[in-house]
Amino acid sequence: MSNPIRLPGEPLSDGPTTLRPWRESDLTAIVTLCRDPEIARWTRVPANYTEADGRVFLARRHDMAHAGLLAPFAIVSDGPDGELLGSISLLRFVWAHRRAEVGYWLGRSARGAGHATRAVGLICRWGFARLDLERIDLLASTGNAASQAVAQRAGFTREAVLRSSLNLPSGRQDVVCFGLLAG
């Protein structure tokens with residue numbers, strides 16, 4: 001059973017990294033960022049991303065949050081009106097077990113500056129405090145060393161390798177499962 005997810009009224013911030021709700025005005029920046037082949041390589045974001053893809057992305061974020069299936073945030077720099085850097089969400093909720101997964105992507109210019117680690121920390125603290133979650137998973141392709149490093153820096157524990165667990169356009173991939181527990 002799921003209830004609508006209410007995103008916080010105020011942005012979540014940790015120094016230079018802020019999480020805020022998505023805006024229609026983010027469309028152009030989403031399309032530009034999602035045309036980066038590295039995002040399509042490690043996520044389900046389609047290659048050759050179009051404006052229509054961006055519109056669907058924005059519409060689904062709202063609908064899925066209302067259905068209790070997703071807690072979506074834009075990652076921006078230096079406050080709620082800063083530059084769009086990427087996307088982060090809590091997803092795949094199993095409410096009966098108070099569990100979710102965190103997924104994210106960052107544009108090329110934002111990588112390597114700590115934004116992913118801070119964004120993961122922000123959304124996880126919020127999920128534990130406001131959604132009463134007890135566990136959050138982070139899955140990273142075995143070839144994606146950068147995402148594995150983010151998980152470890154954010155305090156996740158490496159728990160298992162799930163064989164052929166992720167089906168991406170490039171083919172099936174093994175993933176490393178990381179877990180973070182409340183408290």
Side-chain angles (χ1 to χ4, degrees), residues 1-8 11-12 14 17-23 26 30 33-34 38-46 49 53-76 84-107 110 115-142 144 146-148 150-151 154-160 162 164-169 172-182:
M1 178 181 215
S2 60
N3 295 319
I5 295 173
R6 295 180 188 205
L7 298 181
L12 307 174
D14 185 359
T17 307
T18 298
L19 307 185
R20 64 155 169 79
W22 285 97
R23 301 173 180 161
D26 292 325
I30 290 169
L33 291 174
C34 287
E38 283 298 296
I39 292 174
R41 178 180 178 195
W42 301 117
T43 70
R44 291 187 178 96
V45 172
Y49 202 83
D53 293 321
R55 289 188 190 287
V56 168
F57 174 84
L58 289 171
R60 284 187 180 161
R61 301 285 148 208
H62 171 76
D63 295 344
M64 291 179 76
H66 185 73
L69 302 173
L70 189 72
F73 292 89
I75 305 171
V76 298
L84 181 66
L85 304 175
S87 173
I88 192 164
S89 299
L90 290 174
L91 60 149
R92 295 186 185 92
F93 290 93
V94 182
W95 292 107
H97 297 283
R98 296 169 48 194
R99 184 177 76 224
E101 181 183 326
V102 62
Y104 67 91
W105 54 259
L106 279 180
H115 292 294
T117 302
R118 286 189 294 273
V120 168
L122 284 166
I123 201 169
C124 289
R125 287 189 296 275
W126 175 80
F128 290 137
R130 299 295 182 205
L131 302 180
D132 201 29
L133 296 173
E134 287 292 326
R135 177 187 171 88
I136 298 174
D137 295 325
L138 189 156
L139 303 178
S141 211
T142 54
N144 191 341
S147 278
Q148 291 179 52
V150 166
F156 283 72
T157 299
R158 181 185 171 117
E159 297 178 338
L162 308 176
S164 192
S165 180
L166 187 58
N167 189 20
L168 296 177
R172 297 205 63 86
Q173 296 186 18
D174 296 348
V175 297
V176 180
C177 178
F178 293 87
L180 184 66
L181 305 178

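What you see is a predicted model; the values in this text were computed from it and never measured.
Side chains of Val56 and Arg60 form a contact here, defined as non-hydrogen atoms less than 4.5 Å apart. Looking only at side-chain heavy atoms (C-beta outward), Leu138 and Glu101 stay at 4.5 Å or farther from each other. Side chains of Val102 and Phe178 form no contact here, defined as non-hydrogen atoms less than 4.5 Å apart. Leu84 places a side-chain heavy atom less than 4.5 Å from the side chain of Leu33. Residues Leu139 and Arg92 are not in side-chain contact: their nearest non-hydrogen atoms beyond the backbone lie 4.5 Å or more apart. Counting only heavy atoms from C-beta outward, the side chains of Val76 and Arg20 approach each other to under 4.5 Å.
Under the side chain to side chain contact (heavy atoms under 4.5 Å, CB included) test applied with Phe73, the options Ser89, Pro8, Pro11, Ser87 reduce to a single match, Pro8.
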After noting the C-alpha distance and the side-chain angles of Arg135 and Asp137, does the key distance pass the salt bridge (Lys or Arg N to Asp or Glu O under 4.0 Å) rule? CA-CA 7 Å; Arg135 177 187 171 88; Asp137 295 325; 2.7 Å; yes

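A donor-acceptor distance shorter than 3.5 angstrom exists from the side chain of Arg172 to the backbone of Ser164, with no hydrogens or angles considered. Checked by atom type and distance alone, the side chain of Trp95 pairs as donor or acceptor with a backbone atom of Gly68 at under 3.5 Å. Remark: side-chain polar atoms of Gln148 are paired, donor with acceptor, to backbone N or O of Thr142 under 3.5 angstrom.
Of the inter-residue distances, the one linking Glu38 atom CD with Asn144 atom CG reads 8.0 Å to the nearest 0.5 angstrom. Here CG of Leu70 is found 8.5 Å from CG of Leu90. Values are rounded to the nearest 0.5 Å. Interatomic distance, CD1 of Ile88 versus CD1 of Ile75, reported as 5.0 Å (0.5 Å rounding). A distance of 9.0 Å separates CG in Leu19 from CG in Asp14, rounded to the nearest 0.5 Å. Note that the CE atom of Met64 and the CG atom of Leu91 stand 7.5 Å from one another [nearest 0.5 Å]. Atom CZ of residue Arg44 and atom CG of residue Leu168 lie 6.5 Å apart, to the nearest 0.5 angstrom.
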Please tabulate, one pair per line, all N/O donor-acceptor pairs under 3.5 Å involving side-chain atoms of residues 116-129, not counting sequence neighbours.
unit_1, atom_1, unit_2, atom_2, d
Thr117, OG1, Arg153, NE, 3.2
Thr117, OG1, Arg153, NH2, 3.4
Arg118, NE, Thr17, OG1, 2.8
Arg118, NH2, Thr17, OG1, 3.3
Arg118, NH2, Ala113, O, 3.0
Arg125, NH1, Gly121, O, 3.4

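Across every non-hydrogen atom of Ala100 and Leu133, the tightest pair is CB-CD1, 3.9 Å. Here the shortest heavy-atom pairing between Phe156 and Ile136 reads CE2-O, 3.3 Å. Nearest heavy atom pair, residue Ile30 against residue Gly54, reads CG2-CA, 4.4 Å.
Ring geometry, Trp105 versus Phe57: the interplanar angle falls from 30° to 60°, so the pair is classed tilted.
Salt-bridge check for Arg61 with Asp63: failed, with every basic side-chain N at 4.0 Å or more from each acidic carboxylate O.
In this structure, a donor-acceptor pair under 3.5 Å is absent between the side chains of Tyr104 and Thr43.
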